[in-house]
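The structure presented is a predicted model; accordingly, all values stated were derived computationally and were not measured.
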Amino acid sequence: MKKNSLLYIVRNSKVHGKGVFARKDIPKGTKIIEYVGNIVSSKEGLRIYEEQLKKSKETGVGAVYIFQLNRKQDIDGDVPWNPAKYINHSCNPNCKYKIINNHIWIFSIRDIKKGEELNYDYDYDLDNYQDHLCKCNSKDCLGFIIGKRYRKKFKKLMKINLNIYKVYIH
């Protein structure tokens, strides 16, 4: 058993299907798990992403496991040896990802208690945000999986759309 695998366990999640949970208390700044899978070109990653998204819409189960590694490559994490694929998104995360030497690592950004579900901000942009419903139920949840750096723009966009809607119905 890998040393870091002692830190987490995969089990059913109230957020979404399966999740990854702390097996014991995890201090802030801990390198917890690597997001692994098949390295594919960005073009192939987009094709796989669209295929996974289509399947997700048909089944109602979120199942997009493409992670951008760099400008030219993605990781297709939909492989049996990647427990990190089960880490769910949260609008108020306890972890973050860092790309270090072409490896994607998940680190704790605060102390995490034993039994707590691990999560991080997937950092999705506003393209096709409607395709990615968020079920994290955090106090900061927008209802869609949208990266923190895009949330201000999203809120502004929603306010504009609401004002247009109000004008339209009156």
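Every residue two or more places apart in sequence or in another chain that forms a side chain to side chain donor-acceptor pair (under 3.5 Å) with Q73 is listed here: N70.
Looking only at distances, no side-chain donor or acceptor of N12 sits under 3.5 Å from a matching main-chain atom of K18. Put simply, the side chain of R151 gets close to the backbone of I146: a donor and an acceptor are under 3.5 Å apart. Without hydrogens or angle criteria, S108 side chain to P27 main chain gives a donor-acceptor distance under 3.5 Å. Side chain of N92 to backbone of N137: no donor-acceptor contact under 3.5 angstrom is found.
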* To do: List the steps and the verdict of side chain to side chain contact (heavy atoms under 4.5 Å, CB included) for V20 and I106.
  => CA-CA 12 Å; V20 178; I106 309 301; over 6 Å; no
* To do: Tell me, with the steps shown, if I100 and F107 meet side chain to side chain contact (heavy atoms under 4.5 Å, CB included).
  => CA-CA 12 Å; I100 303 170; F107 284 81; 4.0 Å; yes
* Please lay out, stage by stage, how C95 and I32 fare under the test side chain to side chain contact (heavy atoms under 4.5 Å, CB included). => CA-CA 9 Å; C95 295; I32 300 171; 3.8 Å; yes
* **E117/F21 under side chain to side chain contact (heavy atoms under 4.5 Å, CB included): CA gap, chis, key distance, verdict** => CA-CA 4 Å; E117 185 167 1; F21 294 80; 3.4 Å; yes
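Atoms CG and CD1, on N94 and I26 in that order, are 8.0 Å from each other to the nearest 0.5 Å. The NZ atom of K31 sits 9.0 Å away from atom NE2 of H103, with the distance rounded to the nearest 0.5 Å. Of the inter-residue distances, the one linking R23 atom CZ with L6 atom CG reads 6.5 Å to the nearest 0.5 angstrom. With rounding to the nearest 0.5 Å, the separation of NZ in K135 from CG in N88 is 9.5 Å. Put simply, CD1 on I48 and CD1 on I66 are 4.5 Å apart, with the number rounded to the nearest 0.5 Å. Expressed to the nearest 0.5 Å, how far OG of S13 lies from CD1 of I87 amounts to 11.5 Å.
Side-chain contact between Q68 and I99 is absent, with no heavy atoms from C-beta onward closer than 4.5 Å. At least one side-chain heavy atom of L7 sits under 4.5 Å from a side-chain heavy atom of K24. Put simply, the side chain of F144 reaches to within 4.5 Å of the side chain of L133, judged on heavy atoms. A 4.5 Å side-chain heavy-atom check between D111 and D25 finds every atom pair outside the cut-off. Counting only heavy atoms from C-beta outward, the side chains of P83 and I33 approach each other to under 4.5 Å. Between K55 and Q52 there is no side-chain heavy-atom pair separated by less than 4.5 Å. Side-chain contact check for S90 versus V15: every heavy-atom pair is 4.5 Å or farther apart. Taking 4.5 Å as the limit, every side-chain heavy atom of I75 sits out of range of all side-chain heavy atoms of N82.
By the criterion of side-chain heavy atoms lying less than 4.5 angstrom apart, applied directly or through intervening Ile, Leu, Val, Met, Phe, Trp or Tyr residues, V40 is grouped together with L53 in one hydrophobic cluster. No chain of hydrophobic side-chain contacts below 4.5 Å, direct or via other Ile, Leu, Val, Met, Phe, Trp or Tyr residues, connects Y120 to I109.
Residue pairs satisfying the salt bridge (charged side-chain N to carboxylate O under 4.0 Å, His left out) criterion with at least one member in residues 65-82, sequence neighbours excluded, are listed as follows: D78-K85.
When the options Y35, Y122, F67, W105 are evaluated for a ring-ring contact (aromatic ring centres under 6.0 Å, His included) with Y97, the one that passes is F67. The side-chain contact (heavy atoms from CB on, under 4.5 Å) test with I145 is passed by exactly one of C136, C134, C91: C134.
Taking the six-membered ring for Trp and thresholds of 30 and 60 degrees, Y65 and Y86 have ring planes more than 60 degrees apart, a perpendicular arrangement.
Residue V36 belongs to a hydrophobic cluster whose other members are V79, W81, with links defined by side-chain heavy atoms closer than 4.5 Å.
Salt bridge status for K54 with E51: absent, with no side-chain N to carboxylate O gap under 4.0 Å.
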